[in-house]
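Remarks on the structure that follows.
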Number of protein chains: 4
Amino acid sequence: MPKLGAEPIRRAALVKATIETVGEAGSLEVTVAQIARRAGMSSGLAHHYFGSKEQIFLAAMRAILTLYGAEVRGALATASDPESRLRAIVAGSFAPGSFRRETISAWLNFYVLAQTNAQAHRLLRVYQRRLRSNLRHELRQLVGDRAGAVARGLGAMIDGVYIRAALAEDAPDPQYALDIVMEYIDRELEVTP
Amino acid sequence: MPKLGAEPIRRAALVKATIETVGEAGSLEVTVAQIARRAGMSSGLAHHYFGSKEQIFLAAMRAILTLYGAEVRGALATASDPESRLRAIVAGSFAPGSFRRETISAWLNFYVLAQTNAQAHRLLRVYQRRLRSNLRHELRQLVGDRAGAVARGLGAMIDGVYIRAALAEDAPDPQYALDIVMEYIDRELEVTP
Amino acid sequence: MPKLGAEPIRRAALVKATIETVGEAGSLEVTVAQIARRAGMSSGLAHHYFGSKEQIFLAAMRAILTLYGAEVRGALATASDPESRLRAIVAGSFAPGSFRRETISAWLNFYVLAQTNAQAHRLLRVYQRRLRSNLRHELRQLVGDRAGAVARGLGAMIDGVYIRAALAEDAPDPQYALDIVMEYIDRELEVTP
Amino acid sequence: MPKLGAEPIRRAALVKATIETVGEAGSLEVTVAQIARRAGMSSGLAHHYFGSKEQIFLAAMRAILTLYGAEVRGALATASDPESRLRAIVAGSFAPGSFRRETISAWLNFYVLAQTNAQAHRLLRVYQRRLRSNLRHELRQLVGDRAGAVARGLGAMIDGVYIRAALAEDAPDPQYALDIVMEYIDRELEVTP
DNA sequence: AATGAATGAGGATTCATTCAT
DNA sequence: GATGAATGAATCCTCATTCAT
């Protein structure tokens with residue numbers, strides 16, 4: 001007796017299981033059966049909902065990016081002046097919801113998927129552009145002309161900190177990550193009067 | 001037609017073919033047969049020389065990191081004062097030998113491999129540590145106490161610029177990449193009198 | 001068309017096909033695909049059920065030994081005095097269910113497998129020990145002290161007759177086989193008053 | 001500079017290495033390269049001398065059977081009356097030159113090969129027939145009519161003792177093996193006045 | 001909706017055999 | 001004669017995907 005609304009629950013469970021499985025394995029070479037088992041269902045059902053392994057991955061990637069976006073928006077909600085908004089964007093990037101071992105590892109893998117898969121590629125570009133535009137918007141009021149350059153630098157640094165966390169032995173340390181990027185901002189803002 | 005000295009030539013051809021194949025495919029899911037064919041030999045011979053697909057990948061990764069190291073050392077050779085040495089390290093990182101589409105894509109894939117494979121992990125760590133220590137050494141004379149923090153930030157930014165190049169539509173632009181990182185250095189050095 | 005209870009049927013079909021295939025080929029160098037085809041299924045399914053070729057072989061070997069044990073027990077069921085029980089054990093060994101060309105050939109191959117494979121080795125030892133203990137038990141009442149020696153001799157002779165049947169041109173002749181061993185028993189029992 | 005008479009030496013080394021390799025592995029699934037390496041030469045040379053793996057096996061099998069025949073003939077040399085000749089044949093069968101772990105294991109494997117390979121089959125038959133005829137010749141003078149039956153029984157028992165030694169944990173014990181068969185002979189000779 | 005049995009294509013790896021040197 | 005580089009066929013096993021129930 002299939003419950004009403006079972007589908008969204010199933011889908012969410014699969015997405016969660018995908019991120020966890022890929023994150024743990026550190027690789028996209030996980031089987032649909034593994035993911036389905038972790039989500040508590042058969043591999044057949046996973047295909048029924050998503051059609052293919054590729055689509056399961058894309059859904060998981062979308063979920064990661066959506067969560068990321070939500071964290072940033074959440075952090076922005078309480079900030080008013082440009083500088084705190086700028087710092088809020090960065091803080092949102094390393095919010096504990098996103099900046100977790102599995103998620104980071106899954107994220108890195110989806111980054112690789114984007115080399116191969118056009119849809120994944122598009123998804124990533126959209127989010128990169130959005131981040132850059134957010135950064136630039138705040139920076140314009142803080143560093144004027146240099147806004148574009150600093151936004152590029154900040155974006156790259158955030159990505160770099162992420163990727164390095166994927167390789168760290170220990171659990172990712174949001175504060176450490178944050179410090180690196182915040183110091184860069186300190187520097188930029190110091191210089192510009 | 002077994003020639004004398006064939007082995008190093010074959011090995012090099014396989015390493016080159018591996019980087020190209022992985023780079024083009026944008027994925028480690030390439031077959032040994034594909035690699036071998038591109039290297040102009042049978043898959044059996046590839047196994048004869050490297051023992052397994054994994055070892056072929058590791059050899060390719062070592063080649064990439066070796067090349068990277070050589071570029072940095074090469075750039076350092078002509079630099080004398082700390083600041084030019086610092087900038088040389090960065091310039092070496094984006095030298096045209098390393099900073100090429102295929103290489104970047106392969107590099108990203110090996111980064112993922114390091115999640116799974118202990119040897120790959122170790123290789124990457126060695127290079128990261130070496131880079132960081134190089135940066136710190138020059139920075140100590142330029143920004144004193146902040147050397148550690150700046151080195152971390154620079155390292156992350158270099159990685160970030162790399163990873164972003166993997167996603168770019170167009171051929172990677174070393175100058176653009178360089179500018180981003182150099183500006184960061186400008187900023188740091190300006191502040192410290 | 002997955003039917004309920006398909007698994008035991010599939011497994012049995014694979015075991016049967018394995019004995020037949022190995023028996024016909026006279027060698028363990030048969031492919032899983034050959035076995036599966038003969039069992040009317042894909043090689044993938046054979047792996048699904050048994051996990052590996054080795055496990056398929058072991059299951060087939062177990063089946064052979066189980067059948068052998070059943071034949072001996074069956075023959076023993078109708079015998080009451082020690083001598084008829086002794087002869088029943090031997091008769092069971094050459095019962096037509098076991099003493100068939102394919103089975104003998106497969107059996108010989110599994111004997112070889114036991115050189116390499118610990119599980120196969122253990123299986124064979126268990127059956128040898130059981131046979132020896134059965135023989136000894138009856139012989140104790142017939143030849144007293146010599147029971148151990150005669151049991152060893154009988155066991156060896158049964159094995160020897162089996163192995164020779166594997167090499168015979170014609171279909172194995174149970175009566176001929178039986179005669180050889182029974183004559184040996186005659187002799188032993190004649191001597192001991 | 002190939003030495004004169006190198007060929008027979010090479011061939012003998014390969015035959016020896018084959019028996020050892022097959023004996024140790026307990027299986028015919030050994031590679032020509034393994035055999036050649038043990039014999040101190042390249043796999044190419046092994047092929048050069050024997051043409052194929054199959055022929056290498058056959059040569060090794062011939063060597064085993066030749067050695068066996070020599071042992072029996074050697075044992076017969078010093079025996080004069082029928083009974084000691086009969087016992088000499090048996091003793092020759094378990095002479096330490098033949099009755100060694102590796103040789104037994106190789107022998108069992110060649111027994112299996114004879115299922116598949118016509119030449120191997122023929123070789124084995126020849127030796128079996130010769131053994132049987134030898135036994136019968138002596139037995140005729142000892143047990144008269146029963147000679148045929150006893151010869152069959154003895155032959156089977158010798159084979160059985162061999163095959164069991166292949167499975168024993170410890171090094172094969174010739175004395176133990178001998179006792180089993182000699183007791184059988186004792187019995188047969190006791191009965192017949 | 002849900003299962004998991006079933007398929008079959010695909011890929012790493014091994015190895016007998018060949019052959020240029 | 002001798003090497004071992006080179007080939008390519010063969011095989012085990014995995015896994016996405018399908019489909020009867």
Side-chain angles (χ1 to χ4, degrees), chain A residues 1-7 9-10 29-37 40-56, chain B residues 1-7 9-10 29-37 40-56, chain C residues 1-7 9-10 29-37 40-56, chain D residues 1-7 10 29-37 40-57:
Chain A
M1 65 216 73
K3 279 164 280 186
L4 260 311
E7 174 159 350
I9 295 170
R10 297 288 203 181
E29 284 174 62
V30 298
T31 70
V32 173
Q34 280 166 9
I35 293 171
R37 195 179 319 127
M41 69 193 77
S42 70
S43 65
L45 195 53
H47 273 95
H48 176 70
Y49 281 128
F50 286 101
S52 75
K53 188 184 182 178
E54 191 176 45
Q55 291 304 317
I56 297 176
Chain B
M1 66 219 75
K3 284 172 229 140
L4 261 311
E7 173 156 351
I9 294 169
R10 295 291 201 179
E29 285 174 63
V30 298
T31 70
V32 173
Q34 280 165 10
I35 294 172
R37 194 176 321 126
M41 70 193 78
S42 70
S43 66
L45 195 54
H47 275 97
H48 175 68
Y49 280 126
F50 286 101
S52 73
K53 188 182 179 179
E54 188 178 45
Q55 291 305 316
I56 297 176
Chain C
M1 69 218 77
K3 284 174 227 140
L4 261 309
E7 173 157 351
I9 295 169
R10 296 291 201 178
E29 284 174 64
V30 298
T31 71
V32 173
Q34 280 165 9
I35 294 172
R37 194 176 321 126
M41 71 192 79
S42 70
S43 66
L45 196 53
H47 275 98
H48 175 68
Y49 280 128
F50 286 102
S52 74
K53 188 182 180 181
E54 189 179 45
Q55 291 304 315
I56 297 176
Chain D
M1 66 219 70
K3 280 163 282 188
L4 260 312
E7 173 157 350
R10 297 287 203 179
E29 284 173 63
V30 297
T31 70
V32 173
Q34 280 166 9
I35 293 172
R37 193 177 323 125
M41 71 194 77
S42 71
S43 64
L45 195 53
H47 272 94
H48 176 71
Y49 280 129
F50 286 101
S52 76
K53 188 182 182 180
E54 189 176 45
Q55 291 305 316
I56 297 176
F57 279 161

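Quantities reported herein were computed from a predicted structural model and do not represent experimental measurements. All heavy atoms count here, side chains included; hydrogens, waters and symmetry mates do not. A, B, ... follow the sequence lines: proteins, then strands. Residue 1 opens every chain.
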Non-hydrogen atoms of [X] and [Y] that approach each other most closely:
{"X": "Y49(D)", "Y": "R10(D)", "value": "CE1-CB, 3.3 Å"}
{"X": "V30(B)", "Y": "K53(B)", "value": "O-NZ, 2.8 Å"}
{"X": "S43(D)", "Y": "A33(D)", "value": "CB-CA, 4.1 Å"}

Q. According to a strict under-4.0 Å criterion, is R10(A) in side-chain N/O contact with OP1 or OP2 of dA1(E)?
A.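 Negative; the distance criterion is not met.
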Kindly point out which of [options] is positioned nearest to the side chain of [X]?
{"X": "Y49(C)", "options": "dA5(E), dT13(E), dC12(F)", "value": "dA5(E)"}
{"X": "S42(B)", "options": "dT11(F), dA6(F), dG4(E)", "value": "dA6(F)"}
{"X": "H47(C)", "options": "dC13(F), dG4(F), dA12(E)", "value": "dC13(F)"}
{"X": "S52(D)", "options": "dC15(F), dT17(E), dA6(F)", "value": "dT17(E)"}
{"X": "V32(B)", "options": "dT17(E), dA12(E), dG8(F)", "value": "dA12(E)"}

Q) Starting at the 5' end of DNA chain E and moving along, which residue's nearest nucleotide shows up first, M41(A) or H48(B)? A) M41(A)
Atom-to-atom span, [atom1] of [X] to [atom2] of [N] - whole angstrom:
{"X": "I9(C)", "N": "dA5(E)", "atom1": "CD1", "atom2": "P", "answer": "13 Å"}
{"X": "Q55(C)", "N": "dT14(F)", "atom1": "CD", "atom2": "P", "answer": "12 Å"}
{"X": "F50(A)", "N": "dA1(E)", "atom1": "CZ", "atom2": "P", "answer": "13 Å"}
{"X": "E7(B)", "N": "dA6(F)", "atom1": "CD", "atom2": "P", "answer": "9 Å"}
{"X": "L45(D)", "N": "dT3(F)", "atom1": "CG", "atom2": "C1'", "answer": "8 Å"}
{"X": "R37(A)", "N": "dT3(E)", "atom1": "CZ", "atom2": "P", "answer": "13 Å"}
{"X": "E29(A)", "N": "dA12(E)", "atom1": "CD", "atom2": "C1'", "answer": "12 Å"}
{"X": "I56(C)", "N": "dT11(F)", "atom1": "CD1", "atom2": "P", "answer": "15 Å"}

Q) Considering every strand shown, what is the Watson-Crick or G-U wobble mate of dG4(E) when both distances are under 3.5 Å? A)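 The answer is dC19(F), by the H-bond criterion.
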Q: Please confirm whether the backbone N or O of T31(A) pairs with a side-chain atom of Q34(A), one donor and one acceptor, at under 3.5 Å?
A: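 Yes, Q34(A) side chain to T31(A) backbone: donor-acceptor pair under 3.5 Å.
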Q. If you pin A46(B) and G40(D) to their nearest nucleotides in DNA chain F, which one's is more 5'?
A.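 With A46(B) and G40(D) compared, the 5'-side residue is G40(D).
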Q: Measure the CG-NE2 distance between L45(D) and H47(D) for me, rounded to the nearest 0.5 Å.
A: 11.0 Å
